[in-house]
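This report concerns only the one structure given below.
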Amino acid sequence: MEGTLKIDTRFLEGFVSQKDLGDISPLLNDAEKLLAGGKGPGSDFLGWMDLPERLSDREITGVENSAKRLSGQSDVIVVIGIGGSYLGAKAVTEMLLPDFKDKKIVFAGHQISGEYHRDLLDYLKDREVSVNVISKSGTTTEPAIAFRAIMDLMKKKYGENGIKDRIVCTTDRSKGALRSLASEKGFETFIVPDDVGGRFSVLTPVGLLPIACAGINIKDLVAGAREMRQLVSSGRVDGNLSAEYAAVRNILYRKGKKIEIMSNFDPKMHFVSEWWKQLYGESEGKNKKGIFPAACDFTTDLHSMGQWIQDGERDIFETFLIEEVEDKALAVPSDADDLDGLNYLAGKQFSFINKKAYLATAEAHFEGGVPNISILFPEKSAFFAGELIYFFEKAVALSAYALGSNPFDQPGVESYKKKMFKLLGKGLS
């Protein structure tokens, strides 16, 4: 596999200097020491760091065998989870699977929309169905009620005995409601490691099983993460992609750039941005500080958000996520009448035009006062998806430690839950 990720920093000129990078390097070195020594806040949740090496061939084969069984017996596999229990798998499958094709994998339990889940149940009625339910506790409201509804449908379709081989639970090793249910019913289970938080769990069975069910090579995914881990093992900014990204973000934050916009020029990267938003939002947004992660899909959002980005408040910076390879599958046809005046584009590839739109946008936004960097990856593949995952995970851990935050907890998430449970009358009946 040739090539790896690169960072283009040309549009940081005037915003980030060599002196800035030198000044922040000690913070990144200290952050790396905290990670490597397991001495920083949240050190009980550092299992993601060596996951690429720790995953054995036996474990990967076990996931692949389960995925093969589920796929073989199913028209549709429903993945039930929320947050880190679904976003990683959703990001990788959307990135790598063809558009405009019936999906083998559908997702549920990531919100509480009655209409969505009713339509899903209607969709599943006449199809062969299997389920992978993902929850550490089994009591998180959104996936728990979705699982109730879907399991009720499956009992009616297959009977109590027939669902045993159609439900796989990814949950805690020894405790929790889902673990108890799986043990009682004899469902196959995979473990959510105790030392890996949800948003860092893509390379555990949480992400690997749904990704494998979709037909994606998880060995290549893990190999890409393993490669990136070797490349970002140093705490130095120079030559370490994750540390460089973390350094740039922290420098810009200290200069008043409070919002980071992750922008892509490929709709297949939309859910990579959604996964990134959770990873960075939950890891850094604490103690009344942290960069706010937002995302745009270009060129679509240039016709809605482009004006604000170009001329609005200058408290933003931009990170472009760009595939380097040029897809030559489609060119603009010529037209004899040329009524739309577009014959100057005849024969040019859509991807060529898209790349020029990206370069023009990066330059225009820079000239409008928005510093930006580009994270370039060679092509959409399982290997480079694995590289991206580990690159972003390592960078956010370094970045949060440099901010003085614990990257691995999320105390604020509990606030809305307490309010919701009170409104729903939990504990009152």
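Note that these values count all heavy atoms, side chains included, but never hydrogens, waters or copies made by symmetry.
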Show the numbers, then the answer: is there a side chain to side chain donor-acceptor pair (under 3.5 Å) between Ser381 and Asp220?
CA-CA 8 Å; Ser381 69; Asp220 285 350; over 6 Å; no
4.5 Å side-chain heavy-atom contact, Leu403 and Asn287:
no
How would you list all residue pairs meeting ring pair (Phe, Tyr, Trp, His ring centres under 6.0 Å) that involve residues 190-231, not counting sequence neighbours?
Trp48-Phe200, Phe200-Phe408
Answer yes or no: does atom CZ of Arg254 have more than 12 heavy-atom neighbours from other residues, nucleotides or ligands under 6.0 Å?
yes
All side chain to side chain contact (heavy atoms under 4.5 Å, CB included) counterparts of Pro41, not counting sequence neighbours
Tyr401, Asn406
Closest approach of Ser201 and Thr204, non-hydrogen atoms and distance?
O-OG1, 2.8 Å
If you round to the nearest 0.5 Å, how far is SG of Cys296 from CG of Leu302?
8.0 Å
Name all pairs fulfilling the ring pair (Phe, Tyr, Trp, His ring centres under 6.0 Å) condition that reach into residues 57-98, sequence neighbours left out, sorted by first residue then second.
Tyr86-Phe107, Tyr86-His110
Check Ala214 against Leu97 and note the closest heavy-atom contact, atom names and distance.
O-CD2, 3.7 Å
SG-CG distance between Cys213 and Asn132, expressed to the nearest 0.5 angstrom:
6.5 Å
With Asp50 via salt bridge (charged side-chain N to carboxylate O under 4.0 Å, His left out) - residues at least two apart:
Arg54
Among Phe366, Phe320, Tyr358, Phe317, exactly one meets ring-ring contact (aromatic ring centres under 6.0 Å, His included) together with Phe11. Which residue is that?
Phe366
Separation between CD1 of Ile353 and CG of Leu345, rounded to the nearest 0.5 Å
4.5 Å
Can a salt bridge be assigned to the pair Glu363 and Arg10 using a cut-off of 4.0 Å between side-chain N and carboxylate O?
no
Minimal non-hydrogen separation, Leu27 against Ala402, with atom names:
CD1-O, 4.0 Å
Lys257 and Pro371 have their tightest heavy-atom pair at CE-CD, 4.0 Å
So, Lys157 and Glu128, do they make that salt bridge, N to O below 4.0 Å?
no
Taking Gly109's backbone N and O only, do any of them form a donor-acceptor pair with His117's side chain (distance below 3.5 Å, no angle check)?
yes
Pair Asp152 + Lys155: basic N to acidic O under 4.0 Å:
no
Distance (rounded to the nearest 0.5 Å) between Asp102 CG and Asp75 CG:
9.5 Å
Testing the basics here: between Leu5 and Leu241, what is the closest heavy-atom pair and its distance to 0.1 Å?
O-CD1, 3.3 Å
Distance col, row Glu393:CD vs Trp276:CH2, nearest 0.5 angstrom, shows 15.0 Å
Report the distance from atom CG of Leu178 to atom CG of Asp172, rounding to the nearest 0.5 Å.
9.5 Å
Does Asp266 use its side chain to pair, donor to acceptor, with the backbone of Lys268 at less than 3.5 Å?
yes
The residue among Phe292, Phe392, Trp275 that forms side-chain contact (heavy atoms from CB on, under 4.5 Å) with Tyr280 is Phe392
Could you list all the ring pair (Phe, Tyr, Trp, His ring centres under 6.0 Å) pairs where at least one residue sits in residues 147-175, not counting sequence neighbours?
none
Donor-acceptor check, side chain of Glu324 to backbone of Leu376, threshold 3.5 angstrom: yes or no?
no
Are the charged groups of Arg249 and Glu260 less than 4.0 angstrom apart, N to O?
yes
Hey, are Lys136 and Asp194 close enough for a salt bridge, meaning a charged N less than 4.0 Å from a carboxylate O?
yes
Between Ala395 and Ala246, which heavy-atom pair has the shortest distance, and what is it?
O-CB, 3.6 Å
Could you list the donor-acceptor pairs under 3.5 angstrom formed by side chains in residues 182-189, with sequence neighbours left out?
unit_1 : atom_1 : unit_2 : atom_2 : d
Ser183 : OG     : Arg179 : O      : 3.0
Glu188 : OE1    : Ser66  : OG     : 3.0
Glu188 : OE1    : Arg69  : NH2    : 2.6

In Val272, Asp297, Leu321, the residue satisfying side-chain contact (heavy atoms from CB on, under 4.5 Å) with Met262 is Leu321
